[in-house]
Number of protein chains: 2
Amino acid sequence: MPETLYRQVAAALRAQITGGILRPGAQLPSEPELEKTFRVSRNTVRLALASLANEGLVEARQGRGTFVRERTPFLVLASAEEGAADKSDRDAFNAAVLTAGRNPDQSGFRMEVRTASSEVAARLQLDEGTLVVVRSLLRLIDGRPWSIQESFYPMDIAEGTALMSPVDIPYGTISEMARRGHVQAGYRDEVLSRMPTQTEAVQLSLGPGVPVLEMFRIAYSVERPIRLTMNVYAGDSTQLAYEIGDVSAFHVDP
Amino acid sequence: MPETLYRQVAAALRAQITGGILRPGAQLPSEPELEKTFRVSRNTVRLALASLANEGLVEARQGRGTFVRERTPFLVLASAEEGAADKSDRDAFNAAVLTAGRNPDQSGFRMEVRTASSEVAARLQLDEGTLVVVRSLLRLIDGRPWSIQESFYPMDIAEGTALMSPVDIPYGTISEMARRGHVQAGYRDEVLSRMPTQTEAVQLSLGPGVPVLEMFRIAYSVERPIRLTMNVYAGDSTQLAYEIGDVSAFHVDP
DNA sequence: CAGTGGTCTAGACCACTGC
DNA sequence: CAGTGGTCTAGACCACTGA
């Protein structure tokens with residue numbers, strides 16, 4: 001790794017951040033100040049700041065300054081048995097966020113009918129191009145966008161049910177499917193980390209250097225996939241937890 | 001979102017990539033060529049390329065050119081009951097990678113004794129500063145680094161066992177703990193997405209725009225935490241899967 | 001060796017913030 | 001209004017790759 005100028009500047013600032021001299025929320029020296037301090041041109045200063053921004057360490061705010069990023073992750077227990085509880089997704093989300101002492105909200109609910117892309121078709125074990133019902137929304141915590149959720153239902157399951165309604169279902173879509181004979185027996189989650197698309201970055205208002213955590217949840221009855229949910233979470237404020245087997249020893253609080 | 005020059009250049013290239021005109025592995029036009037095509041200065045071209053790189057779309061190679069990034073994710077079933085099988089972690093990893101038709105390897109095995117950081121102490125329900133045994137290694141797939149793994153054991157559990165040996169344990173650390181009376185009953189995984197530290201980026205040879213997927217796995221006996229494993233996976237080549245409840249309908253292959 | 005990306009400078013003007 | 005970061009240019013030299 002060459003000791004180039006902008007790397008030295010970046011390293012010096014990084015050390016101050018990880019060393020605790022510059023705490024989360026603190027403002028960095030302005031670009032002209034850094035020029036003088038390190039005796040480099042403005043572009044070099046900006047190269048250094050850009051690399052810190054892309055590491056997720058700092059965040060520049062137009063006309064105000066550059067600041068050390070703050071993180072307030074929200075932890076979701078993703079392995080809770082949803083089928084059992086007679087609650088809607090929304091209720092479960094609201095309860096979890098409120099328990100953490102924070103403020104849940106949601107917006108932008110939409111219902112559409114689309115043809116299944118190859119990704120969706122494969123996971124729902126349908127043919128590509130088959131009709132699917134898509135129900136999507138944006139979740140917020142403390143007024144800031146937190147996750148994009150899109151749920152896909154095979155048309156033959158959704159047809160003639162409340163799933164086709166363009167509004168939220170108060171008692172939950174899982175209950176609605178269950179009363180039509182599609183009882184959820186289990187689910188499979190696939191979790192991955194990537195950088196957001198442009199669209200996602202705007203919807204979740206993510207700055208550069210913030211990845212997303214993407215989760216595909218495929219719900220199964222004993223016979224077939226009955227739902228696919230795609231969640232895209234803001235990476236700087238999300239943590240998913242899974243509990244497998246007996247973890248009663250976790251829940252002791254000393 | 002302002003229609004600045006470098007954004008226009010980035011958008012044009014992004015469209016060619018997502019539209020399939022520039023396929024994974026393909027080389028982009030060189031910087032001088034892009035200057036002429038878009039009639040902008042070189043710095044503007046580089047701003048555009050940098051933003052694509054930080055989205056994880058392209059990758060610049062010194063002296064060779066800029067290329068569309070290729071992804072070959074490897075999927076891990078993280079909810080498999082490890083306690084039951086009489087296999088070591090290594091065997092499980094090797095088997096999984098080989099099944100996928102790829103080539104597993106590992107290197108850099110190390111055993112150390114450290115004092116527990118606050119993060120480690122909290123998860124193992126120990127006091128900060130308590131002694132812990134750390135066993136760490138680097139896993140590779142097809143010769144490329146894939147994950148960093150560090151396992152932490154409370155000293156009172158590790159003392160006088162094979163866990164203190166500075167080499168890999170062929171029959172697995174879980175079996176070793178079990179025969180000492182610490183039987184794994186379950187575990188809790190915490191999964192998150194973030195940008196790599198400098199060290200991690202080097203160890204996993206991650207370019208800019210590649211996040212990591214971090215997983216904390218806390219293994220419990222019926223009484224207490226017995227192990228903490230921290231995994232840091234290269235985000236562009238990892239997918240974790242969890243199966244909860246009955247997902248037998250997933251395993252049908254039509 | 002020519003062509004590629006990597007680093008760096010000096011200077012210009014703009015857009016946004018908050019006093 | 002002064003101070004901040006955002007965009008853009010023109011030109012220079014360096015380091016690496018592969019023929």
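Each chain gets a letter, A, B and so on, in the order its sequence line appears, and its residues count up from 1.
In this structure, Leu34(A) places its CG atom 13 Å from P of dT9(C), rounding to the nearest Å. Atom CD of Glu31(A) is separated from atom P of dT17(C) by 16 Å (rounded to the nearest Å). Taking atom CZ of residue Arg39(B) and atom P of nucleotide dC8(D), one finds them 17 Å apart after rounding to whole Å. Distance Lys36(B) NZ to dT4(C) C1': 13 Å, rounded to the nearest Å. dC14(D) atom C1' lies 17 Å from atom CD of Glu3(A), rounded to whole Å. Between the CD atom of Gln27(B) and the C1' atom of dG18(D) there is a distance of 12 Å, given to the nearest Å. One interatomic measurement links the two molecules: CG of Leu5(A) to P of dG6(C), which rounds to 17 Å at whole-angstrom precision. One can place CG of Leu49(A) at 9 Å from P of dG6(D), the figure rounded to the nearest angstrom.
OP1 or OP2 of dT4(C) lies within a sub-4.0 Å distance of a side-chain N or O belonging to Ser30(B). Contact annotation: Ser41(A) does not reach the phosphate of dG11(C) (side-chain N/O to OP1 or OP2, under 4.0 Å). Taking side-chain N and O atoms only, Thr66(A) has no distance below 4.0 Å to OP1 or OP2 of dT4(D).
Side-chain atoms of Arg46(A) lie closest to dG5(D) of the nucleotides dT7(C), dG5(D), dC8(D). Here dG5(C) is the nucleotide among dG5(C), dC8(D), dG5(D) with the atom lying nearest to any side-chain atom of Gln62(B). In the set dT7(D), dC8(C), dG5(D), the nucleotide with an atom closest to the side chain of Ala60(A) is dG5(D).
Glu112(A) is linked by a salt bridge (charged side-chain N to carboxylate O under 4.0 Å, His left out) to Arg110(A), Arg114(A), counting only residues two or more places apart in sequence or in another chain.
Nearer to the 5' terminus of DNA chain D, by closest-nucleotide assignment, is the contact made by Val45(B) (compared with the other of Gly63(B) and Val45(B)). Nearer to the 5' terminus of DNA chain C, by closest-nucleotide assignment, is the contact made by Asn43(A) (compared with the other of Arg64(A) and Asn43(A)).
Between Arg102(A) and Asp142(A), at least one side-chain N (NZ, or NE/NH1/NH2) sits under 4.0 Å from a carboxylate O, which counts as a salt bridge. Between Glu214(A) and Arg194(A) a salt bridge is recorded (basic side-chain N to carboxylate O distance below 4.0 Å).
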Give the dot-bracket string for DNA chain D, reading 5' to 3', where a pair is Watson-Crick or G-U wobble with both distances under 3.5 Å, ( ) marks pairs inside the strand, [ ] marks pairs crossing earlier ones, | marks a partner on another strand, and . marks unpaired. ||||||||||||||||||.
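Figure legend: Arg217(A) and Tyr187(A) shown as a cation-pi pair, the cationic atom lying under 6.0 angstrom from the six-membered ring centre and within 45 degrees of its axis. Both the sub-6.0 Å distance and the 45° axial angle are not jointly satisfied by Arg227(A) relative to the ring of Phe152(A).
Contact annotation: side chain of Arg42(A) to base of dG6(D), donor-acceptor pair present below 3.5 Å.
Using cut-offs of 30° and 60° on the angle between ring planes, the pair Phe74(B) and Phe93(B) is perpendicular.
Counted by atom type alone, Tyr233(A) and Ser193(B) present zero donor-acceptor pairs between their side chains at under 3.5 Å.
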